[in-house]
Engineer: 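Below is the structure I would like to discuss, written out as structure tokens.
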There are 2 protein chains.
Amino acid sequence: MKLKEFAKQLGLSPTTVSRALSGYPEVSEKTRKRVAEEAVRLGYRPNINAVRLVTGRAGAIGVVMGRNEFQFCEFMSGMAERLDSEDIDILVSPVAVQDTKAEIQLYSRLATSGRVDAVIVHSPKPNDERILLLHKLGIPFLVHGRSETNVPHAWLDIDNEGAIRRATSHLLDLGHRRIALINGRDGLTFTLHRDKGYREALEQRGIPFDPRLVAHGQFTDEIGFRFARSLLEQSPRPTAFVAGSMMTALGVYRAVRSLDLVVGRDISVIAHDDVFPYLTADNMAPSLSTSRSSLRAAGARLADLTLQLLAGRPASEIHELWPVELILRESTGPAAEAAQ
Amino acid sequence: MKLKEFAKQLGLSPTTVSRALSGYPEVSEKTRKRVAEEAVRLGYRPNINAVRLVTGRAGAIGVVMGRNEFQFCEFMSGMAERLDSEDIDILVSPVAVQDTKAEIQLYSRLATSGRVDAVIVHSPKPNDERILLLHKLGIPFLVHGRSETNVPHAWLDIDNEGAIRRATSHLLDLGHRRIALINGRDGLTFTLHRDKGYREALEQRGIPFDPRLVAHGQFTDEIGFRFARSLLEQSPRPTAFVAGSMMTALGVYRAVRSLDLVVGRDISVIAHDDVFPYLTADNMAPSLSTSRSSLRAAGARLADLTLQLLAGRPASEIHELWPVELILRESTGPAAEAAQ
DNA sequence: ATCATGAACCAAATCGTTTTAAATTCCTGT
DNA sequence: ACAGGAATTTAAAACGATTTGGTTCATGAT
């Protein structure tokens, strides 16, 4: 059913019908109601591609998904939750992690293709090429994380620095002195922030920073296992780990157990938890102390902010920094004297 | 830059330019080459929304993502890999798991919105409402999994029955007699197939089926832990588990350890592995025996089949059943006599 | 009686392509 | 030199909405 035909059945012009459905003021309340009712009854819905052509809007938000990122789904769920009521789609493009060139190209294509009204940028670097590119191309975009590029941009981030500072401080309070940090991929802002939080906590107690206690890499259980295992075989070994994600923590648990040590007694572990429905900190054995932040909520909020940005709110006004809770469970305990 | 302007610069008509770019035969090779080169040089690209309007194609494939499904990302990565070279997007809509009504509504909206050319259906039931709906609405769709609805439809599935039959048989070969099965959500085809494979293996050895040894549920570590733990506390306890996924297996491992038993010695475990880059069977401790099938490959192939379907290949011709490898690692061993 | 005002509606132009149907150019064989 | 047909190219009509710039008709003021 096309607009023309639908309008004729109503005895109205296409103009009036279109306006009635889009909520313009110059249509009488009576007519508007009738149009709305008949649209439902006769099943009329505007052809979305015609609308897109004439309005120039795409009705979609673009998200680039790195391979190997199990966090992604949770974030997307949040976005979608918020966009459910709007008439806006999520368009997903995947890219190989760490292939910067391909990634830049992808963003460029996405931005100029006209298929999306806005783009989400994940895991930015302090001087992120993608941000410069999107700014140059003039397409609205939101950054999930922070960057120090000097172009104005909207962002939403969690307080990574504070989270790791508090986690580290807590371990120090418990008497730990050799605390290892398993951080994210090198060069990313959140990795640097976490590093900073870690160092600050050490500095506050006058404990020297030892670069051998810090590793960088993707959030896989393998990275967690390998690094934890190699550190635990050394002497003196660390008595505590701050892990970057749930997966990394799984690897650390495995390493600890493989050496017949016990998490929570011999070795303390705190991890950052993005809150997954299928793998929870409470369910690990022993239950895992975490700095906790909901990726789903971040996704929902970022979708919301995107709508605001598209509605005209200036990007330079859109900045949100979310605090992170520290939740203590069984995986943290006083430093074992024996291990010192 | 619009087509009209671009054509004028080339001294050609819009028609010829459009045809040259779309690869029609009635354009001379010389002209085609010139058009292609100039398009790159001047940066002309057809307005995608105009193309969509006039061709009636959406240039996108719709995927509905259930919440809580960590498998989803891997599948999507595969799809995207295949679609990278095509000019086709992936449009993701999320829905709450187990809210059938909302899900049906979502599929209906997706199919009639004109935003996608085809839809992917995941985890079907033997008599799946979504399949009937999409067939009725006349939109092309592909099923990831199998269904017994009598409408013709394209599908790709792995041999769940064979996988679990072989896993169970292998455990029987090792002398296990009380083998527990942690299956997927009740009512789904793949769950039924796995159940069938399990029963067949038992039947072959004349071992009676005991419903108390089978559980159903989502693929979370919690389900794995709870069920395994409650079974292991009984007497006689099972000596082996067949787990539905990596997450479930994590839960089983945890349950086994929590009772001071050892996986691979006291209790054998085989799980189905969809192959995740961030959590691998080799990296578990002990390494996990799995029936293995790549979700990513399935995604890529399903994207490929979707393109074929859209190109006119009849749905009734598109059926693929993939075999599943059984890979033995440390988590399986002979049944411990003591436990009998 | 006339005119300005505003509410409600409408005709036609527009968005930027693809595609149909027709026109032109270029060969080839007689 | 020219008909006939193949090979190229083109003008104009879609596609289905939104939006610009009216028109109509009542109402109340002058």
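Side chains included, hydrogens not; waters and symmetry mates left out as well; all remaining heavy atoms used. A, B, ... follow the sequence lines: proteins, then strands. Residue 1 opens every chain.
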Engineer: Round to the nearest Å and state the distance from Leu21(A) atom CG to dG16(D) atom P.
Structural biologist: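 The answer, rounded to whole Å, is 17 Å.
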Engineer: Nearest 0.5 angstrom please: Leu142(B) CG to Trp155(B) CH2, how far?
Structural biologist: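 One gets 12.0 Å once the value is rounded to the nearest 0.5 Å.
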Engineer: Can you identify which nucleotide, out of dA11(C), dG16(C), dT19(C), has its nearest atom closest to the Arg19(B) side chain?
Structural biologist: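 Taking heavy atoms from C-beta onward, the closest nucleotide is dT19(C).
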Engineer: Would you give the length of the straight line joining atom OG of Ser113(A) to atom CZ of Arg45(B), rounded to the nearest 0.5 angstrom?
Structural biologist: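 Rounded to the nearest 0.5 Å, the OG-CZ separation comes out at 6.0 Å.
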Engineer: Roughly, in whole Å, what's the span from CG in Asp87(A) to P in dA17(D)?
Structural biologist: 14 Å
Engineer: Aromatic rings Phe70(A) and Phe276(A): how do their planes relate, parallel, tilted or perpendicular, breaks at 30° and 60°?
Structural biologist: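 Phe70(A) vs Phe276(A) ring planes: tilted.
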Engineer: If you measure from CE on Met76(B) to CE on Met65(B), what distance do you get to the nearest 0.5 Å?
Structural biologist: 8.0 Å
Engineer: What is the separation between atom CD on Glu26(A) and atom C1' on dT23(D), rounded to the nearest whole Å?
Structural biologist: 14 Å
Engineer: Output the single nucleotide from dT17(C), dT9(D), dG16(D) whose closest atom is nearest the side chain of Lys2(A).
Structural biologist: dG16(D)
Engineer: Ser13(B) side chain N/O closer than 4.0 Å to the phosphate oxygens (OP1, OP2) of dT9(D)?
Structural biologist: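 Indeed not, no polar side-chain atom of Ser13(B) lies that close.
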Engineer: Less than 4.0 angstrom between a side-chain N/O of Thr15(B) and OP1 or OP2 of dT9(D), yes or no?
Structural biologist: no
Engineer: If we only count heavy atoms from C-beta on, is the Arg130(A) to Phe141(A) side-chain gap below 4.5 Å?
Structural biologist: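 Arg130(A) vs Phe141(A): side chains apart.
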Engineer: How many angstroms lie between atom CG of Asp157(A) and atom CZ of Arg146(A), to the nearest 0.5 angstrom?
Structural biologist: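 Rounded to the nearest 0.5 Å, the CG-CZ separation comes out at 4.5 Å.
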Engineer: CG of Asn49(A) versus C1' of dT18(D): gap in Å, rounded?
Structural biologist: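 My rounded result for the distance is 15 Å.
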Engineer: Work out how much the helix from dA1(C)-dT30(D) to dT30(C)-dA1(D) bends between its end axes, five pairs an end, to the nearest 10 degrees.
Structural biologist: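 Inter-axis angle at the termini of the helix from dA1(C)-dT30(D) to dT30(C)-dA1(D): 60°.
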Engineer: Apply side chain to side chain contact (heavy atoms under 4.5 Å, CB included) to residues Phe72(B) and Val63(B) and explain how you reach the verdict.
Structural biologist: CA-CA 10 Å; Phe72(B) 187 80; Val63(B) 184; 3.5 Å; yes
Engineer: Rounded to the nearest Å, what distance is computed from the NZ atom of residue Lys8(B) to the C1' atom of nucleotide dT9(D)?
Structural biologist: 18 Å
Engineer: CG of Leu10(A) versus P of dC10(C): gap in Å, rounded?
Structural biologist: 10 Å
Engineer: Could you measure the distance from the CG atom of Leu10(B) to the OG1 atom of Thr31(B)? Nearest 0.5 Å is fine.
Structural biologist: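 Going from CG on Leu10(B) over to OG1 on Thr31(B), the span is 10.0 Å.
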Engineer: Rounded to whole angstroms, how far apart are CG on Leu3(B) and C1' on dA11(D)?
Structural biologist: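 Taking CG of Leu3(B) and C1' of dA11(D), I get 13 Å after rounding.
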Engineer: dT18(D) phosphate, OP1 or OP2: any side-chain N/O from Tyr24(A) under 4.0 angstrom?
Structural biologist: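 No, because none of the side-chain N or O atoms of Tyr24(A) sits under 4.0 Å from OP1 or OP2 of dT18(D).
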Engineer: Which of these passes side-chain contact (heavy atoms from CB on, under 4.5 Å) with Tyr107(A): Leu137(A), Ile139(A), Val121(A)?
Structural biologist: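 Result for side-chain contact (heavy atoms from CB on, under 4.5 Å) with Tyr107(A): Val121(A).
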Engineer: Let me spell it out: for each of Ala50(B) and Leu12(B), pick the nucleotide of DNA chain D with the closest heavy atom. Which residue's pick is nearer the 5' end?
Structural biologist: Leu12(B)
Engineer: Any side-chain N or O of Ser18(A) below 4.0 angstrom from OP1/OP2 of dA17(D)?
Structural biologist: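 For dA17(D), neither OP1 nor OP2 has a side-chain N or O of Ser18(A) closer than 4.0 Å.
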Engineer: For Ile48(B), answer base if it contacts any base atom (sugar-phosphate contacts may also be present), sugar-phosphate if it contacts only those atoms, and nothing otherwise; contact means non-hydrogen atoms under 4.0 Å.
Structural biologist: nothing
Engineer: Got a sec? Which of residues 27-47 of chain A come in under 4.0 Å of DNA chain D, heavy atoms?
Structural biologist: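 Close to the strand are Tyr44(A), Arg45(A), Pro46(A), Asn47(A).
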Engineer: Quick check for you: to the nearest 0.5 Å, what is the distance between Ser22(A) atom OG and Arg32(A) atom CZ?
Structural biologist: 9.5 Å
Engineer: Output the single nucleotide from dA17(D), dG16(D), dT17(C) whose closest atom is nearest the side chain of Leu53(B).
Structural biologist: dG16(D)
